[in-house]
A.B. asks: 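Take a look at this one; I'll ask things after.
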Amino acid sequence: MSVFAALNGRAKLLLTLFVLGLAAAPLAADRYLVSVLILIFYFAYLGQAWNIMMGFAGQLSLGHSLYVGLGAYIAAALWTKFGIGPWAGMFAGMAIAMAFGAAIGWLGFRFGIAGVYFALLTIAFAEFTRIAFDHMDWTGRAGGLFLPVRAEQAGQWWNLRGGPLLFYYLALALMLGALWLCAALRASRLGHYWLAVREDEAAARALGIDAFAVKMQAVLISSAMAAIGGTFYAFYYNNLFPAQIFDMSRSIEMILAPIVGGLGTLFGPILGAFILTPLGEGLIAATEEAGLSAPGTKAVFYGLALMAIVWVAPSGVWPWLRRKLGLETP
Amino acid sequence: MPFDFYVTVAVQGVLTGLVYGLMALGLSVIFGVVRVVNFAHGEFAVVAMYLAFLGFAMFGLDPILAMLPIGLGFFGLGYLLQRHLINPFVGRPEHEQFILLVGLAIVLVNGLLMLFGPDTRHANLPYGFDSYEVANVLIDKVRVYAAAAALVVAALLFAFFRWSRTGMAIRACADNLLGAAIVGLDVKHLYALTFGLGMACVGAAGALMVVLADATPMLAPAFTLLAFTIVIVGGMGSMAGALVGGILIGVSEAFASFLVAPSAKSMFSFAILIAILALRPQGLLGRKQ
Amino acid sequence: MPLKTSVSRRAVLAGAAAGSAALAAPSIVSAQAGTLRIGVLLPRSGLLAQAGQSCHRGALAAPRVLAELGYRVELVHVDTESNADIARTQAERLINDGAHVLTGAFDSGHTLAIAQVCEQRQVPFVVNIAAAPPITEQGLKFLVRNFQTGPQLVTNGLRLINNLITATKIAPKRAVFLHANDTFGQAQRNAMDAIFPRTNMPFELVESIAYDPRAQDLSVEVTRLRSLRPDLVLVVTRASDAIKLVRDMVRQRFEPMGIVSPGSPGMYDEEFYQALGPLADFHVSNLPWVNPKSAMTQALERSFAATNPGNRFAADGFNAGFTFEALLIAADAFKRAGTTSGVPLMEAIRATNLAEHVMIGGPIRFDEKGQNPNIGSACVQNRGRTPVVVLPEDNATMAPVLPMPGWQGRT
């Protein structure tokens, strides 16, 4: 808890209220709100995972749907084919996602591929894997993988079979767990190495930091976390399609929140998800109310909002909000 | 399998690849000079497709001719975009440019959906179904015309950068920004010109694309990804590289479809991309940085 | 169309933006007495927009016909944006806002996402279109499907190919099956692999080819097809792919006896006729279709013309017909149940027995899994740029023509 202790008094109070508020929210919130909050937590969690790679270690990945998809497909296939529960399946998914992450990291960092080039490398791997899954008999090819939903398993929360409350608290735990992990990592020696590599790799090397190793650690941690998110997604939705879960649009969706919230900050991915998901849902209601029923209207406003946000607050909303709330550590 | 099938497939791959190459050329020019990664590239190509469609539907204008006004219009649009929207983001981190342009891409795709609806739109050219027959090899007329037009546009652009004073000034900016500013070049203006030129390429390529494919808003993300793949394979910032990359991707996809499995053809493009990044990250014709 | 809103939606904005969950009281807006409120979830933007908007036109035409039949319904239209996350949250919102029944969702993945919500909240869900077999294999109690599963589509499609061969006296020897490698195409492929060997068709299936649904053009695929010299080309396409396919066949002067879809979109969509003109004619789709001889179909067609003046009912018949029937099923059950409460309403839906409806086939009924087993299929041939029922004879308005005339001389 040393991470928590480092916060100033007001930050401690606000964080405690935030956590307690979310923990108590299902008592008062309706089902729609709960389903939106689940999505917010999910994107906040994935944003944290991505933020480790980009925000901390400075490696731009545009292919994180690869790890999410692997975590989802492997856990789901083990459950569907062999009855292996999601907790075990999750580790299998993490292991394979980490193997892919290691391959991408090795290729990228060994050959000095950076920036947009590295981003394209991650996209290429994700797209390659999407098409491979489109042709893989074991997981139903492009036709999709359907997790059986059986009435007799309804209450088996340990197998992630349950109602919205189960997934609400699971997603909340994932988000808060990731926050804690990221805070601990940031404060650790590794976290400082990451920042050093991000700011100036040559200088970091001169100080004796093994840049390759610390970047590899970032990829491994990030891909494992994304895979856990995938397992959650698979059991929440109970059906998977390569064209959806591995799609590039999913990779883009999951990096919007951390960038809008504040890249490299701890609370940025959470704030970003709390801005963007409600923005989307709110725009659906708002365009409907205004009688703008032409399909696409909502998305046009959403796109304009993204441009406006990055125009006004290019380094994210959280650094600004943190100042306003007086949470800067003295 | 008769030999002429192989020839047909190879020719189809080369011709399609040239048009893709022209589209990628725009991306390459912009990145090579302005160092902004245009994530809304495919979206602009689709806007151009719709303009070419409108030109044909309303005035009977052949898209291959419509390429000229659309290219000019896109040049102006690109100039203004760079000056007023994108310039503040030049030199800023890539992820900030990314959000700006992804936002723009979302607006463009859905704006097109609102205006034109989701159904595909077509320019039904009088020669749209014709083909040339040379020694048992059948080649579509439209593909030949589009590829030839793409080559002409690329050659003009190449000549501009090689021999015109402005072109040389832009190359100076790309090579040494500080030096260019010191000798008194108006970098902002040159950047905007470059963005305009890149956009003109996209506009022209989009207009040509209408004769090969049907316009629908949902095409855009695939075009963006395709353009990036080609540019990296050919060499970011290399003009000839974009065309070579286009041809390589076009031919490899054609043969993958013909000999292996059509459904897995883009796997081969991505495999080539990964191999290039690992073995020759500057691209086939790119210069080492 | 009146679109009602409630407290909860605004609460999401206010509450969530404040950084914590707002205290939004569950707000159930009761519809005016005696009216059934139906939430219609369709992918009207995003990848599936073409089909979603085609279905939507059927939903727009429905209220007038239902009113003429003495049913009272109020529709709330929601766009799922071809995104399962949105399909799910919007299903929750619709139920919060007082929807008594949901219908949709065209895509199998979205359908299952909505089905989970409906199951938990005990709100009936009437599926308009979605072919994946698992939808009715999971024991869902609050879901019925008035649409054929993939295997049913293929079984009926192949049977009708046999009838077509008999009726037109053609003698094809070789066929190639070409399908999009997406969710629906793969489901059709699975069904084809399982069913074709058992059907004893009079021709050989030389090869099955999957193509990339994101491909920009299909010229090489057609070259490959041509090299296999099939008499019949069996296709499972998506709407816009069928255009590319036929266009490249014409350019490469490849003329099979016929192009037949054993159950897929593509060759009856308006964009197909617009793009290909006379070259769009004589292609055949074997699939469920609106019964041109039913009085209710004719009423729907009239209402469609009034509510969608820019579109032809003929080209939207499949999507609009099934979307209308889903609403009809809900409205009819409401009339019999006399209540909007989920459990009795669902019982009434399960007990549906509608002899008069718009699609070809027997009365609408549901088996214990919630599947309607009585949906018929028809052979629909493009004639004069309009899809026309040519088989079975009971429903046909024209006789089938095969082999199709050559490409040359059509324009």
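Fair warning: this is a prediction, and the values are worked out from it, not measured in the lab. Within every chain, numbering begins at 1; the chains are lettered A, B, ... in the order of the sequence lines, protein sequences first and strands thereafter.
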A.B. asks: With only heavy atoms counted, which part of L100(B) is less than 4.5 Å from chain A, the side chain, the backbone, both or neither?
C.D. replies: both
A.B. asks: When rounded to the nearest 0.5 angstrom, what distance separates CZ in F89(B) from CH2 in W311(A)?
C.D. replies: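 Those atoms lie 5.5 Å apart.
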A.B. asks: At their closest point, which heavy atom of P295(A) faces which heavy atom of M114(B), and how far apart are they?
C.D. replies: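 That closest heavy-atom pairing would be O-CG, 3.4 Å.
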A.B. asks: Go through L104(B), T229(B), I276(B) and name the one with the most non-hydrogen pairs under 4.5 angstrom from chain A.
C.D. replies: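 Among L104(B), T229(B), I276(B), the one with the most close pairs to chain A is L104(B).
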A.B. asks: Using heavy-atom distances under 4.5 Å, tell me whether P88(B) contacts chain A through its side chain, its backbone, both, or neither.
C.D. replies: side chain
A.B. asks: Answer with side chain, backbone, both or neither: which region of L120(A) has an atom nearer than 4.5 Å to a non-hydrogen atom of chain B?
C.D. replies: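 For L120(A), heavy atoms of backbone and side chain both lie under 4.5 Å from chain B.
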A.B. asks: Considering all heavy atoms of both residues, which atom of P314(A) and which atom of R92(B) are nearest to each other, and what is their separation?
C.D. replies: CB-NH2, 3.0 Å
A.B. asks: Can you give me the closest heavy-atom contact between V310(A) and E96(B), atom names plus distance?
C.D. replies: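 Minimum heavy-atom contact is CG2-O, 3.7 Å.
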A.B. asks: Taking CZ in F53(B) as the centre, count heavy atoms belonging to other residues, nucleotides or ligands within less than 6.0 Å. Is the count above 12?
C.D. replies: yes
A.B. asks: Tell me, side chain or backbone of L62(A) under 4.5 Å from chain B's heavy atoms, or both, or neither?
C.D. replies: side chain
A.B. asks: Tell me the closest heavy-atom pair linking A124(A) and I274(B), and the distance in Å.
C.D. replies: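 Residues A124(A) and I274(B), closest heavy atoms: CB-CG1, 3.6 Å.
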A.B. asks: Does any backbone or side-chain atom of F125(A) lie under 4.5 Å from a heavy atom of chain B? Answer side chain, backbone, both or neither.
C.D. replies: both
A.B. asks: Taking side chain as C-beta onward, heavy atoms only, is H95(B) less than 4.5 Å from I255(A)?
C.D. replies: no
A.B. asks: Is chain B contacted by the side chain of L256(A), its backbone, both, or neither, given a heavy-atom distance below 4.5 Å?
C.D. replies: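 For L256(A), the contact with chain B is made by backbone and side chain together.
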A.B. asks: What part of F98(B) lies closer than 4.5 angstrom to a heavy atom of chain A: side chain, backbone, both or neither?
C.D. replies: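 For F98(B), the side chain is the part near chain A, not the backbone.
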A.B. asks: Looking at every non-hydrogen atom in both residues, tell me the closest pair between L306(A) and I99(B) and how far apart they are.
C.D. replies: O-CG2, 3.9 Å
A.B. asks: Determine the option with the most heavy-atom pairs under 4.5 angstrom with chain B, choosing from I131(A), I123(A), I252(A).
C.D. replies: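 Going by pairs under 4.5 Å, I would pick I131(A).
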A.B. asks: What part of A305(A) gets within 4.5 angstrom of chain B, counting heavy atoms only: side chain, backbone, both, or neither?
C.D. replies: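 Contact with chain B involves no heavy atom of A305(A) at all.
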A.B. asks: Kindly compute the distance separating CD (E127(A)) from CG (L273(B)), expressed to the nearest 0.5 Å.
C.D. replies: 10.5 Å
A.B. asks: Any idea which of P221(B), A278(B), S269(B) has the most non-hydrogen atom pairs under 4.5 angstrom with chain A?
C.D. replies: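 Counting heavy-atom pairs under 4.5 Å, the top option is A278(B).
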A.B. asks: Does any heavy atom of chain B fall under 4.5 Å from the side chain of L60(A), the backbone, both, or neither of them?
C.D. replies: side chain
A.B. asks: Is any side-chain heavy atom of N110(B) closer than 4.5 Å to one of T297(A)?
C.D. replies: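 No. Closest side-chain heavy atoms not under 4.5 Å.
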A.B. asks: Which region of L277(B), side chain (C-beta onward) or backbone (N, CA, C, O), has a non-hydrogen atom less than 4.5 Å from a non-hydrogen atom of chain A, or is it both or neither?
C.D. replies: both
A.B. asks: Can you tell me how far the CG atom of D134(A) sits from the CE atom of M267(B), to the nearest 0.5 Å?
C.D. replies: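 Taking CG in D134(A) and CE in M267(B), the distance rounds to 9.5 Å.
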A.B. asks: Between F128(A) and A271(B), which heavy-atom pair has the shortest distance, and what is it?
C.D. replies: CE1-CB, 4.1 Å
A.B. asks: Let me know if L225(B) has heavy atoms under 4.5 Å from chain A in its side chain, its backbone, both or neither.
C.D. replies: side chain
A.B. asks: Examine whether an atom of L107(A) lies under 4.5 Å from a heavy atom of chain B, and if so say whether it belongs to the side chain, the backbone or both; otherwise answer neither.
C.D. replies: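 The side chain, not the backbone.
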A.B. asks: With only heavy atoms counted, which part of L263(A) is less than 4.5 Å from chain B, the side chain, the backbone, both or neither?
C.D. replies: side chain
A.B. asks: For chain A, which of L108(B), V37(B), L85(B) has the most heavy-atom pairs under 4.5 Å?
C.D. replies: L85(B)
A.B. asks: Please identify, among S263(B), G111(B), A261(B), the residue contributing the most non-hydrogen atom pairs under 4.5 Å to chain A.
C.D. replies: S263(B)
